Every structure is written in structure tokens, then in C-alpha cells.
Amino acid sequence: MEYISGVVERITYENEENGFCVIKIRAKGFSDLVTVVGNLAAVNVGAIIRAKGDWKADSKFGRQFVTRDYRETVPATVAGIEKYLGSGLIKGIGPIFAKRITSHFQEDTLRVLEEEADYLIQVAGIGQKRVEMIKKAWLEQKEIKNVMLFLQSNKVSTAFAVKIFKTYGNESIEIVKKNPFRLADDIWGIGFKTADKIASQMGFAKNSSERCRAGLVYVLNELANDGHCYAAREELLKETEKILELDKPLIDTTLEKMIEEKALIRDEGEAVFLPPFYYSEIGVAGRILDINRTPSLYHLEDIQAMITEIEQEEGLKYDTVQQEAVKTAAVSKFMVLTGGPGTGKTTTTLAIIKVFQKTGARVLLAAPTGRAAKRMAETTGMEAKTIHRLLEFKPPNGYARNEENPLECDVLIIDETSMVDIVLMSNLLKAVTAETIVILIGDVDQLPSVGAGNVLQDIIDSGIIKVVELTRIFRQAQGSDIIINAHKINKGEFPKLKGGKDSDFFFIEQEKPEDVVQTIKELCSKRLPAYYQIDPVNDIQVLCPMKRGETGAQNLNLILQEALNKSEVSLKFGGILYKTGDKVIQIKNNYEKNVFNGDVGIIVRIDQEERTLVLDFDDHQIEYDATELDEVALAYAITIHKSQGSEFKIVVAPLTMQHYAMLQRNLLYTCVTRAKKIMVLVGSTKAVSLAVRNNRTTKRQTRLRERLCK
């Protein structure tokens with residue numbers, strides 16, 4: 001074992017997932033910079049380190065010092081202090097302010113920051129606001145370093161240190177020591193497996209009750225991520241036994257104790273629920289039945305005359321099923337309007353709205369996502385909000401609209417209901433009075449909600465709610481190959497792939513994944529923008545069956561970013577370079593920022609000094625700290641699941657045998673119905689055929705239908 005000491009000159013590689021770094025240090029006795037590799041994630045440029053380890057000769061990178069452990073001290077020279085502060089260590093101090101501060105305070109700089117930070121006001125350009133920011137950041141980085149070193153000593157990733165500190169503050173180490181499994185519940189990005197690794201390093205017994213409890217909750221959460229509201233008791237025990245590698249009786253005992261404490265709920269027939277899903281199902285069923293059995297305040301007479309009047313005003317003619325839908329809405333308390341693309345859902349919805357407006361009823365419109373709400377507003381000419389905004393969600397207080405403060409409306413219309421999960425539907429219906437008329441609109445043949453439940457399908461299948469299904473494709477839609485092919489796919493028929501010059505649906509045969517990628521790159525960067533005179537970033541959306549793989553969203557994002565965004569203003573996080581002008585997607589609900597899973601935005605500003613970014617989500621500008629970038633992902637390419645509720649001018653989609661596990665009819669149908677003007681499939685005929693034929697979908701474990709039937 002040897003020792004080496006020196007000043008960190010630069011960090012050439014950093015893996016934020018596991019803390020592995022490659023750094024260059026200027027060390028005594030060496031004329032050139034020395035390469036040091038190892039777990040060095042807490043190190044900053046300008047710091048002085050003393051590392052313990054061994055030398056090794058790497059065939060590709062030459063001689064390196066592999067560190068097993070290190071200690072860090074702060075730099076002593078003015079130049080070292082400047083480099084240290086300018087490395088991005090302290091929010092509010094970049095290279096420019098680092099130079100000004102060290103020029104002013106010289107060797108005394110670090111003492112001033114530690115003991116008399118208010119004197120920073122003497123430095124040119126630094127106001128009181130920045131002084132406060134620097135004081136807070138200096139204190140935080142000291143605490144964060146303690147958390148990092150604590151985690152490092154337990155041989156776990158240091159990438160989560162900032163998040164742990166933001167959540168728990170100065171109590172971070174104490175909380176993690178007491179129960180590391182809390183991390184899986186409290187910290188976004190830390191799952192059970194990571195928490196389990198931390199617990200193991202800290203000496204928690206494999207059969208500890210904390211581990212058993214966390215394992216059971218983890219399995220139920222994983223099932224919820226797949227759309228299930230509950231687990232059959234035996235399935236839950238079996239899966240938990242496999243993950244924890246423990247005997248079944250021990251897990252069974254823990255499960256019974258959790259059920260007794262109401263930490264988990266056992267429903268009749270041995271179904272085990274996490275409480276939020278159980279109470280949401282009970283709540284949704286109860287509210288639907290209450291609304292449905294409460295007499296309507298509107299006794300509409302001669303609806304046919306009103307329909308005829310609206311036809312004359314709008315200069316159109318509704319078909320029999322559309323008229324039936326309007327009449328059903330007028331006399332029902334709770335109804336569902338469903339149908340595929342081109343069947344007149346929007347036209348029918350407008351007619352329903354106009355009938356109620358003629359009676360003076362107050363109508364509210366909402367949809368699950370920002371894009372779906374925006375589209376609803378454009379087609380109806382009325383205000384439409386996301387469900388979260390409609391319910392006035394404000395963290396940490398939750399929904400301002402609820403049983404005590406219900407929505408002030410006579411009619412509530414929700415679009416894209418297939419996307420609404422059981423928990424959101426529960427919160428929505430809590431805020432609806434029993435006198436309100438509720439109309440749900442959606443296409444049940446699309447992919448179900450990302451969250452747990454199969455709400456729209458369960459409501460339809462219950463048979464207790466009036467359902468009107470639009471099936472006729474209107475003449476104006478019959479000229480669209482997108483709509484014709486969507487219906488063909490939905491019926492299990494092979495789509496028409498050979499589109500003419502004036503078609504809106506194209507198929508480009510490519511077998512090899514690398515050829516698929518190259519074709520998509522050319523389509524997005526050259527061919528489509530040139531032919532249709534459009535903006536490739538805003539008007540083209542690549543939709544992928546999967547995230548991973550050569551033709552997956554992650555790889556295509558990097559290729560399309562390089563082809564479409566030449567900006568040099570950037571910030572790096574998690575190995576990804578984020579640049580001004582990048583299209584990004586929110587991948588986690590953030591109630592404080594009022595942005596939600598699936599919202600797509602553009603990076604409009606990056607402050608490299610402050611390490612902050614401003615993202616624009618449909619004219620709603622929000623600031624992100626660099627450490628929050630794990631909540632977003634590049635969105636030049638996104639998964640088809642993430643595209644639900646959105647429409648895009650042009651959709652380009654890879655479909656290859658690489659996606660074998662995901663090739664299902666409802667996935668391809670959802671993909672095609674996202675295209676508004678042009679749909680381009682790139683891939684193999686075999687993959688298209690397989691997707692069309694595969695109508696097997698995983699049945700979601702829910703009990704909403706049964707509860708409604710009871």
C-alpha cells in the first residue's frame with residue numbers, strides 16, 4: 001500500500017451512480033499530472049488530497065494510482081482556493097466570483113467563508129441576496145460532505161447524498177443509521193435494493209423486522225408500478241421470499257403483524273392492498289354510486305329540438321349514435337363516451353357542452369396531462385385544466401378541492417380518462433358533489449394508465465354506468481391512412497404500409513438496428529423538416545416501444561440531441577449533457593413545481609455559475625437546480641407509454657424485433673393514434689405483424705368493477 005498527496009487539477013470522469021471518478025492531481029515528485037482512480041465523488045477541483053492505494057499499468061490509459069481510501073484538506077494557496085471555489089462546489093460562486101473573492105481576501109478567504117461570511121458584501125458585484133445564498137451553500141456543502149463520507153464508508157453510492165441532505169437536513173446520518181429502509185420511501189431514485197445494500201453494510205440482520213416490512217412494501221409497490229392495485233396473499237409471500245431470500249414463515253408473521261397494524265389491508269379473498277389503493281378503490285366506487293343514484297337537477301325537455309338547433313348553428317349533421325350520446329349525457333348522472341380516432345368524439349363532446357350551456361349549467365373541463373388539457377381547450381374554445389390544477393393541488397397541503405371544498409360546477413367532463421389511475425380518480429371524485437353530472441371520455445383500446453388501476457375499463461365493465469361507443473369513421477377521416485390503419489390495427493388486421501406521395505402514413509423497411517437509427521436521424525434532422533417546412537424539435541416526436549437498446553429512447557435521444565442541438569451552453573448531470581434548446585420530459589410528479597409525469601418542456605436558460613436551469617412547460621417557466629435533473633430526461637425520443645394524452649404533428653417510431661417483449665397491439669395502436677398529421681414507422685414488417693397479432697395484455701389486479709357491481 002502506498003500514499004500520494006497533491007492538488008486536484010481536474011476531474012476527467014465522474015459516475016454519479018456509483019461515485020467512481022478519474023481525477024488528475026499535481027503531486028510532489030512528479031513532473032506530469034498523476035491519474036488517480038477510485039471512489040472519489042466527494043472531491044472538488046483545487047482540494048488537496050492524500051490518497052492510499054496501489055499503482056497499476058492500464059493498457060489503454062497508462063499508469064494510474066488506484067485509491068482505496070483518501071483524506072481531503074482545503075487548499076492553502078490563493079490560486080488553489082480560487083480553483084477550489086470556482087469548481088461549482090458552492091452555489092452562487094462560479095469562476096468569476098471565485099477570482100474576485102480570493103483577490104479581495106487572499107489567504108484569508110476560507111476563514112471568512114467559515115466565520116465572517118457577511119464580509120463578502122465588500123466584493124464587487126456581490127449583493128446581500130448572493131451573500132445569503134453563499135452562506136447557505138457553504139454550510140450545506142459541509143453537511144453534504146459528511147453525508148457523502150458516511151455513505152462512502154458504507155460502500156454505497158454517494159450520488160444520493162444531496163437528496164438525502166435536502167430531505168433530512170442535519171439529521172441525515174442519524175436517520176439513515178436508525179432505519180436505512182426509510183430511504184426507499186422518502187428519497188426519489190433510491191429503491192429497496194439500494195436501501196437494502198446500505199442496511200447490510202451497516203450491520204442490519206438479514207431477518208430483521210425492518211427488512212421484512214420493507215420487502216413486503218417493495219413488492220406491492222413494484223406490482224403497483226405494473227398497474228396492479230393489490231397482490232394475492234400467496235403471490236406476495238412468494239415474491240417477497242424470493243427477493244429477501246428468507247423463510248416464508250418469517251415473512252408471513254411480519255405480514256400478519258402489518259395487517260393487524262393497518263399498515264397493509266387484507267380484503268376479502270386474501271387480496272393484500274397498500275392502504276392508498278384500497279381506500280381509493282372504495283372511494284371511487286362509493287362516489288360513482290352516490291352520483292349515479294342522486295336525481296339530476298336538470299330535467300331537459302325536447303332534447304331533439306336542442307340538437308337540431310345546434311346543428312343549424314354549427315352547420316353540421318350528427319349521426320344517430322352521436323345524437324344518442326348527447327341525449328344520454330342529458331339524462332344521465334354518470335356516463336362514459338368512448339371511441340377510436342375519427343369517430344367524432346370531439347364533435348360529440350362539443351354538442352354535449354352546448355346542450356348544457358343552453359340550460360345555463362356551469363361546465364368544467366379537465367384532462368390528466370397539460371398537453372391533453374391544452375388540446376381540449378383548443379377544440380372546445382373553453383378553458384380546460386389538468387386534473388391537478390382543477391383540484392388546486394398545493395404541496396404539502398394536498399388538494400384544496402375536496403369533500404369540504406367541492407368543485408363549483410353542474411357538469412364535469414374529463415377527457416383521456418384511460419390515463420387516469422385509481423388514486424387520481426379518487427381525489428377527483430372526492431371534490432365532486434352528488435348532484436354534479438360526470439362525463440368521462442376516453443379510448444379504452446389505448447394503453448391503460450401508468451399508475452395503478454384500470455379505471456375506465458372497470459367502470460365500463462361494471463355495466464352499471466351508461467356507455468356510448470362511437471364506431472363510425474366519418475368521411476373526412478376516411479381519407480387519412482393514420483386513422484384507417486389505427487382501426488385496422490385495433491381489429492387485428494395488418495395495416496396498409498405502402499402509402500402514396502399524398503399519404504399521411506409511411507413505412508420504411510429497415511432490418512438492422514443501426515440502419516433504423518441512421519434512418520430516424522436523417523428523417524428528423526433533414527428529410528422531414530425540409531419537406532414539410534417544420535421545426536424538428538417542436539414538431540417531430542420519436543416514440544419508442546422501449547427505453548433501452550440501440551433503437552430505444554435513451555440511445556436515440558443522444559443521437560438526436562447531437563444532430564438537432566448545436567448549443568454550447570450546457571450542464572452535465574448523471575452522465576447526460578443538458579443544453580439550452582433541449583426538449584425534455586418530466587418523469588416524476590413534482591407537486592411543488594406543479595409539473596407532472598409526462599409533461600414535455602424546453603430548456604430555455606442555463607446558469608452555469610449558479611448551476612440552475614429554467615424549463616418552459618407550455619409557457620409555464622420553472623427553475624431547476626442541477627441536482628434535480630434526475631426528475632427529467634431528454635425527450636427527442638420518448639416511450640409510447642409516456643406519450644399518452646398527447647398529440648404530435650409528426651410521429652416517427654422504430655419498430656424492430658429488438659422490441660420483441662413489448663410488441664403488443666394496444667402499444668402500436670396508441671403509437672399510431674398520437675400522430676396528428678404524419679406517421680412514419682421505421683423497422684421490419686415482421687415486427688409490425690407480431691404487434692398486430694399479439695392482443696394478449698396483462699390483466700391488472702383491481703377490484704373496482706366488483707365493488708361497483710355490489
Side-chain angles (χ1 to χ4, degrees), residues 42-47 72-148 161-172 394-397 569-573 578 580 590-595 603-617 619-629 631-632:
V43 166
N44 285 278
V45 172
E72 179 184 340
T73 59
V74 292
T77 66
V78 173
I81 295 168
E82 183 188 328
K83 190 171 283 188
Y84 183 66
L85 294 180
S87 67
L89 170 73
I90 311 296
K91 189 174 178 181
I93 304 180
I96 294 167
F97 281 118
K99 189 173 185 64
R100 289 183 190 174
I101 291 167
T102 50
S103 296
H104 189 89
F105 295 110
Q106 298 290 311
E107 289 88 350
D108 216 19
T109 299
L110 296 178
R111 187 195 62 77
V112 169
L113 280 165
E114 184 68 43
E115 299 170 12
E116 300 175 313
D118 287 325
Y119 284 134
L120 290 169
I121 198 79
Q122 298 171 2
V123 177
I126 294 184
Q128 192 57 46
K129 189 178 174 184
R130 190 175 291 271
V131 169
E132 295 306 318
M133 186 194 298
I134 292 169
K135 280 163 70 175
K136 185 182 174 194
W138 179 258
L139 184 65
E140 278 188 5
Q141 67 85 27
K142 284 201 310 184
E143 294 294 341
I144 288 167
K145 188 151 288 192
N146 289 338
V147 173
M148 278 186 169
V162 173
K163 293 199 160 209
I164 290 170
F165 180 75
K166 276 188 175 179
T167 306
Y168 303 136
N170 294 335
E171 297 174 4
S172 297
K394 292 185 181 73
N397 305 319
V569 183
S570 64
L571 267 182
K572 195 169 186 179
F573 179 83
Y578 292 91
T580 51
N590 188 320
Y591 300 110
E592 289 184 12
K593 294 184 187 297
N594 211 9
V595 285
I603 298 175
V604 290
R605 275 198 309 282
I606 291 177
D607 190 323
Q608 292 167 316
E609 190 105 353
E610 308 273 335
R611 288 189 64 74
T612 59
L613 308 87
V614 175
L615 275 56
D616 188 307
F617 292 95
D619 301 324
H620 181 46
Q621 293 201 351
I622 302 159
E623 185 174 281
Y624 282 68
D625 188 84
T627 60
E628 297 173 307
L629 283 174
E631 292 187 10
V632 302

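As the structure is a computational prediction, the values presented were derived from the model and not from experiment. Numbering of residues begins at 1 and proceeds along the displayed sequence.
Interatomic distance, CD of Glu132 versus CD of Gln128, reported as 5.0 Å (0.5 Å rounding). Between atom CD1 of residue Ile93 and atom OG1 of residue Thr102 there is a gap of 9.5 Å, rounded to the nearest 0.5 Å. Once rounded to the nearest 0.5 Å, the distance linking CG of Leu615 with CG of Leu629 reads 7.5 Å. Note: Leu571 CG to Leu613 CG = 5.0 Å, rounded to the nearest 0.5 Å. The distance from the CG atom of Leu113 to the CD1 atom of Ile81 is 9.0 Å, given to the nearest 0.5 Å. Distance check, rounded to the nearest 0.5 Å: CG of Leu120 to CD1 of Ile101 gives 5.5 Å.
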I would like to know whether Tyr578 and Val632 meet side-chain contact (heavy atoms from CB on, under 4.5 Å); could you show each step before the answer?
CA-CA 10 Å; Tyr578 292 91; Val632 302; 4.3 Å; yes

Run Arg605 and Thr580 through side-chain contact (heavy atoms from CB on, under 4.5 Å) and show every step you take.
CA-CA 6 Å; Arg605 275 198 309 282; Thr580 51; 5.6 Å; no

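Applying the salt bridge (Lys or Arg N to Asp or Glu O under 4.0 Å) rule to pairs touching residues 93-104 yields nothing, sequence neighbours excluded.
Annotation: Ile121, atom CD1; neighbour count of heavy atoms from other residues, nucleotides and ligands within 6.0 Å is above 12. Within a 6.0 Å sphere centred on CD of Gln106, other residues, nucleotides and ligands contribute more than 12 heavy atoms.
Qualifying side-chain hydrogen bond (donor to acceptor under 3.5 Å, both in side chains) partners for Lys135, counting only residues two or more places apart in sequence or in other chains: Asp118. When the salt bridge (Lys or Arg N to Asp or Glu O under 4.0 Å) test is applied to Glu623, no partner is found at least two apart in sequence or on another chain. A search for side-chain hydrogen bond (donor to acceptor under 3.5 Å, both in side chains) contacts involving Glu115 returns Arg111, not counting sequence neighbours. The side-chain hydrogen bond (donor to acceptor under 3.5 Å, both in side chains) test applied to Gln621 returns Asp616, not counting sequence neighbours. Taking His620 as the reference, nothing meets the side-chain hydrogen bond (donor to acceptor under 3.5 Å, both in side chains) condition, with sequence neighbours excluded. For Glu114, the side-chain contact (heavy atoms from CB on, under 4.5 Å) partners are Trp138, Lys142, not counting sequence neighbours. Not counting sequence neighbours, the partners of Gln122 by the side-chain contact (heavy atoms from CB on, under 4.5 Å) test are His104, Phe105, Tyr119.
Across Thr612, Val614, Ile606, Val595, a single residue satisfies side chain to side chain contact (heavy atoms under 4.5 Å, CB included) together with Tyr624, and that is Val595.
Classification of Glu628 and Lys593 as a salt-bridged pair holds, one side-chain N sitting under 4.0 Å from a carboxylate O.
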